[in-house]
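Quick caveat: nothing in here was measured; it's all calculated off a predicted structure.
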Amino acid sequence: MASGRRQYPFHLIEPKWQQCWDKLEAFRAWNPGETPPAGHPFSLRHKSTKPEQLPKYYILDMFPYPSGAGLHVGHPEGYTATDILARYNRSKGKHVLHPMGWDAFGLPAEQYAIKTGQHPRKTTEANVATFKRQIQALGFSYDWSREVDTTDPEYFRWTQWIFLKLYNSWFNPETKRAEPIDTLKYPSELSADQSPEGDARRRAFRDNRRLAYVTEAPVWWCEQLGTVLANEEVVDGKSEVGGFPVMRKPMRQWMLRITAYADRLLEDLNCIDWSHSLKEMQRNWIGRSEGAQVDFTLQGHSEKVRVFTTRPDTLFGATYLVLAPEHRLVEQITIPSQRSAVEAYKTAVSKKSDLERTELAKEKSGVPTGAFAINPVTGNAIPIWIADYVLISYGTGAIMAVPGHDTRDFEFATLFNLPVLQVVQPTGTQEWRGFVDDGFAVNSANAQLSLDGLPTQEAKSKITTWLETQGFGKKMVNFKLRDWLFSRQRYWGEPFPIVWKRDAEGNLFHEALPESALPLLPPILDDYKPTPDGQPPLARARDWVQLPDGATRETNSMPQWAGSCWYYLRYLDPRNANEFCSPAAESYWMGTTAPDSGKPTPGVDLYVGGTEHAVLHLLYARFWHKVLFDLGCISTREPFYKLVNQGLILGEDGQKMSKSRGNVINPDIVLDEYGADAFRLYEMFMGPLEMTKPWNTKGVEGVYRFLGRVWRLFVDEQSETDYEQNSTAEPARALEFFDSIRLHAGIQDVQPAADQLKALHACIKKVTEDLDNMRFNTAISALMIFINEALAWQTRPVSILKDFLTLLQPFAPHLCEELWKRLEMGGAQMAESAVTSMGYMAWPGFNPELLVEDTIEIPVQVNGKLRDVVKVPATATAAEIEAVAQSSEKVQQFLAGKTIKKVIVVQRKLVNIAAA
RNA sequence: GCCGGUGUGGCGAAAUGGCAGACGCACAGGACUUAAAAUCCUGGGGCCUUAAAAAGCCGUGUGGGUUCAAGUCCCACCACCGGCACCA
């Protein structure tokens, strides 16, 4: 630990500049139509250019949930990367939008409320204050005037407004987009229905097609948390939060029809710049699979069993059917002698915990129903079983089993001695039994149809066409993606702007509140627990729930995802009281009217956050975005054009940081010891942004020393020593002594020497290229190389130092502002007036001519092994280089007694002599 | 099992098919100091030799291949990390 003396007085520098930026609103982004004040650094840089005439750069962090524990070192990793790029782009002349806010609804504040009775608002406010303090201490260039908080009524009124949009829309399969619910036409028999129930039927028709709809479905209920959880919030049969047991329970729930967008969510991945693996995760989650549905007639029943298969080409090999135990036909078709066995099996399955049911190496189980179906191509009667390896929630909840060519079916058939037929011939020499890949169809012919000899793909399309013409089935696409369970039984979330009423017949129905009723605030409670009969906490507020006209309010609330689904849009126009966002702000920042728009970047230019949101948040936000796009509220199809995941930061022991391991690094302590600039620099120097990497406090010391060397390049050693001694003696006057530190005597306003220019321009080139590719670690190493060289200079030209500070500024903004200021003042006393921000200094360009060397060193290899390095003029021709290389003494030694077969000369790079 | 990613010194890492290990940490030696800290300078892949060196050989998870030349490209494996997981 670097105890004692500081490398440089960061403790005086950093707060000073943070206050200065804050006072100036230095990093405020201006919406179209706004005019920055004349003295603002933006105006100084861009003169009379209107903000909206500049190319925009929208750079976004995943906003944090402000937990009571405060920031950990993982948060600032992404934030530092985006801040560096925000500052870099500002310096390059872009108009940068870089906002921050709080995803502040959520369980911890509510559970704290249950324990202590403290209103979650209080807890939330305290946590937000801590987070904000910690984030601001890092000197990030956020536009704090755009700060949003999902729990602010002025924010969540628009979350509720978007919900109303979803509620009041349906997905038109013909146009493949969302449309207002009024455009949904009733079928003629419904519109003609004059009966008393007509209205109710029409209502039901609409309600079943809304993008937000109600269903009575078994959901994951967690007793301890007192709420239902979404599928994805249940991990290994336990709640993701807290690890409590969960059970299935039928409840009335709100759902969002994300499945309608499955195809578009998949398709549009092709037009955004996300990592391959992230796109794959989304593709897997959506899980599109193409195949066919096939109807099997039942012996002795008029009903048919519909199955979904991706391998219709194997239909001749289907030797039995399997229904999910919950399938609706099971009841009907089970023969009396099998009834008790079937019932017993169903009970056993329903009793199984979901952990057991999804157990990996579990042995297959099932029972026959005694019923038979007819294979439409062979005409054979095949038995119908039930088994829990078939899921009710996927496809049609029923499968045709082809044990010859499906691993699961093969396992099942082996266990129960069911017939296994070969219908696919492998291309190689593999065993056909259990062969699941593409091959050639065999044993697949009847009087009307033959697939024999066809490759799998052709066989699939041939039989699908045949099935369709015969009326036995058709092409079908299935998705793993399920509709989004959108209600929670919680207090600390957005209430639904929905009321429930009864019609004349006594049927319960729901109705949306008008937009004018927003925001709908949650009621004041003194107990935040669910009611004893399992009603959500909101149900405790009788007066709130019960409306004067007899209607009752919906008592569910929205999940935490809701607020984070659209916050990037609210940042664009966060104080707008009339709209969720003005069209002018939206079209400018989301890129549709950017002035440099040869190709406008659609959406957020760069979004950085953790992989933990790879599917859920990113899929939900894309879904909402598309709905808003369809309804004409916004102008882009996708919200986030480029997305990068930062890697995890591990503890010093290489383990994941956790309280229980005691390896958590507290940023406050690091900041105290080394300052914000060193902290930022270290987070970026550790390695590539996207990699997982361990924390190492010694490494912080390394970059801290580097900043100390930067400081010493600029300041006079004696005056620094004086400052140290004086401020130790009289700490109260530290600032005064600090201001009288003089510049280094070598700093002069002179023409730089050639080697100085070369060092600078090599650095400019490397840092620029690295920032363009988000290679922060190597950019920092280039800055270090420059400093190592510059420290040896007697004369330190001001122009060189200024350019260097401009390069370092995105990484270590506080130190750079301070040194810049001192250069500007020429060593005079620091003045409070005329503060500007370096953040707007133009990024230096590099001159490649300055980097040209007169003589270059060329490695010479013999048979691929390095034998010598020769110096040649940079202008040497290949022949000249070859001559020099061959005449080298060392090379001669290795050529002795050998014949040269070939000489490879790579201009300016290398010579390799092949000899034998 | 499937999908994606990663394997390079004691450690974090760097390298458009062209001198492997930039930069930093740790370590060692030296300067400054009464001494220490801080700072500055120098040296560090391994092996084999040697008083020290030079020279030589070997080295990017393993085994093959392409090439004048492979950390980088191709094939087959192994290990670790992340995601999904009876999705028909």
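Distance noted for atom P between G83(B) and G12(B): 22 Å (whole Å). As rounded to the nearest Å, G9(B) and C25(B) have C1' atoms that lie 13 Å from one another. Straight-line distance between the P atoms of C48(B) and A36(B): roughly 35 Å, to the nearest whole Å. Taking atom P on both C78(B) and U62(B), the two are 15 Å apart, rounded to the nearest angstrom. For the C1' atoms, the distance linking U67(B) with U72(B) amounts to 13 Å, nearest Å. A distance of about 23 Å separates the P atoms of U42(B) and A35(B), rounded to the whole Å. One P atom belongs to U8(B), the other to G71(B), and the distance between them is 15 Å to the nearest Å. A14(B) and U60(B) have their C1' atoms separated by 12 Å, with the value rounded to a whole Å.
Within 6.0 Å of atom NZ in Lys346(A), more than 12 heavy atoms from other residues, nucleotides or ligands are found, so the atom counts as buried in its surroundings. In this structure, Lys304(A) places its NZ atom where only 12 or fewer heavy-atom neighbours from other residues, nucleotides or ligands lie under 6.0 Å away.
Arg283(A) comes within contact range of no nucleotide atom at all, as no heavy-atom separation falls under 4.0 Å. Contact annotation for Ser781(A): base contact, defined as any heavy-atom pair under 4.0 Å involving a base atom. Within 4.0 Å (heavy atoms only), Ser289(A) reaches sugar-phosphate atoms of the nucleic acid but no base atom. Looking at heavy-atom distances under 4.0 Å, Lys364(A) makes contact with a base. Arg867(A) comes within 4.0 angstrom of sugar-phosphate atoms only, judged by non-hydrogen atoms across all strands, and of no base. Residue contacts shown for Asn777(A) are limited to sugar-phosphate atoms, with no base heavy atom under 4.0 Å away. Heavy atoms of Arg775(A) sit nowhere under 4.0 angstrom from any nucleic acid atom.
The two atoms that bring Ala324(A) and Ile392(A) nearest to each other are CB-N, 3.6 Å, heavy atoms only. Of all heavy-atom pairs between Cys763(A) and Phe786(A), the closest is SG-CB, 4.0 Å. Residues Ala915(A) and Asn863(A) come closest through the heavy atom pair N-OD1, 2.9 Å. Tyr704(A) approaches Gln7(A) most closely through the heavy-atom pair OH-N, 3.0 Å.
Remark: Lys758(A) engages Glu853(A) in a salt bridge, criterion side-chain N to carboxylate O under 4.0 Å. Glu280(A) has a carboxylate O that lies under 4.0 Å from a charged side-chain N of Arg283(A), or vice versa, which qualifies the two as a salt bridge. The pair Arg306(A)-Asp295(A) meets the salt-bridge criterion, with a side-chain N (NZ, NE, NH1 or NH2) lying under 4.0 Å from an Asp/Glu carboxylate O. A salt bridge is absent between Arg712(A) and Glu717(A); no separation between the charged side-chain nitrogens and carboxylate oxygens falls under 4.0 Å. For the pair Arg661(A) and Asp653(A), the salt-bridge criterion is not met [side-chain N within less than 4.0 Å of a carboxylate O]. Looking at Glu683(A) and Lys693(A), no side-chain N of the basic residue comes within less than 4.0 Å of a carboxylate O on the acidic one, giving no salt bridge.
When each of C23(B), G18(B), A88(B) is scored by its nearest atom to the side-chain atoms of Asn788(A), the top-ranked nucleotide is C23(B). The side chain of Leu391(A) approaches A88(B) more closely than any other nucleotide in the set A88(B), G18(B), C25(B). Here the nucleotide nearest the side chain of Glu280(A), chosen from C3(B), C19(B), C40(B), is C3(B). For Glu857(A), taking side-chain heavy atoms from C-beta onward, the closest of the listed nucleotides A14(B), C25(B), C19(B) is C19(B). Of the candidate nucleotides C84(B), C19(B), A88(B), C84(B) has the atom nearest to the side chain of Lys480(A). Taking every side-chain heavy atom of Arg705(A) into account, C25(B) is the closest of A88(B), C25(B), C23(B).
What separates CZ of Arg709(A) from P of C25(B) is a distance of 7 Å, to the nearest Å. Here the C1' atom of nucleotide G82(B) and the CH2 atom of Trp285(A) are 14 Å apart, to the nearest Å. Atom pair Leu689(A):CG and A14(B):P shows a separation of 12 Å (rounding to whole Å applied). G83(B) atom P lies 10 Å from atom CG of Leu648(A), rounded to whole Å. If you take CZ of Arg6(A) and C1' of U39(B), they are 18 Å apart, rounded to a whole angstrom. Separating the CD atom of Glu701(A) from the P atom of C23(B) is a distance of 20 Å, rounded to the nearest angstrom. In this structure, CE of Met691(A) is placed 15 Å from C1' of G4(B), rounded to the nearest angstrom. Atom pair Phe479(A):CZ and C84(B):P shows a separation of 20 Å (rounding to whole Å applied).
Of the two residues contacting RNA chain B, namely Arg311(A) and Ala782(A), the nearest-nucleotide position lying further toward the 5' end is that of Ala782(A).
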Pairs under 3.5 Å (N/O, protein and nucleotides 9-12 of chain B):
{"residue": "G12(B)", "atom": "O2'", "partner": "Met686(A)", "partner atom": "O", "Å": "2.5"}

What nitrogen or oxygen pairs link the protein and nucleotides 66-70 of chain B at under 3.5 Å?
{"residue": "C68(B)", "atom": "O2'", "partner": "Asn912(A)", "partner atom": "ND2", "Å": "3.3"}
{"residue": "C68(B)", "atom": "O2", "partner": "Asn912(A)", "partner atom": "ND2", "Å": "2.7"}

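Taking the ring axis of Trp274(A) as reference, the NZ or CZ atom of Arg622(A) stays within 45° of it and closer than 6.0 Å to the ring centre. Because its NZ or CZ atom is not both nearer than 6.0 Å to the ring centre of Phe412(A) and within 45° of the ring axis, Lys364(A) does not count as a cation-pi partner of that residue.
Annotated as anti: G17(B), whose glycosidic dihedral deviates from 0 by more than 90°. Anti is the classification of G56(B), since its glycosidic angle lies more than 90° from 0.
At U39(B), one or more side-chain N or O atoms of Gln7(A) fall inside 4.0 Å of OP1 or OP2 (strictly under the cut-off).
Consecutive Watson-Crick or G-U pairs involving RNA chain B, each under 3.5 Å on both distances, make up stems of three or more pairs at B:1-7 with B:78-84, B:10-12 with B:23-25, B:27-31 with B:39-43, B:45-47 with B:56-58, B:61-65 with B:73-77.
Residues Ser888(A) and Asp868(A) have side chains that bring a donor and an acceptor to within less than 3.5 angstrom of each other.
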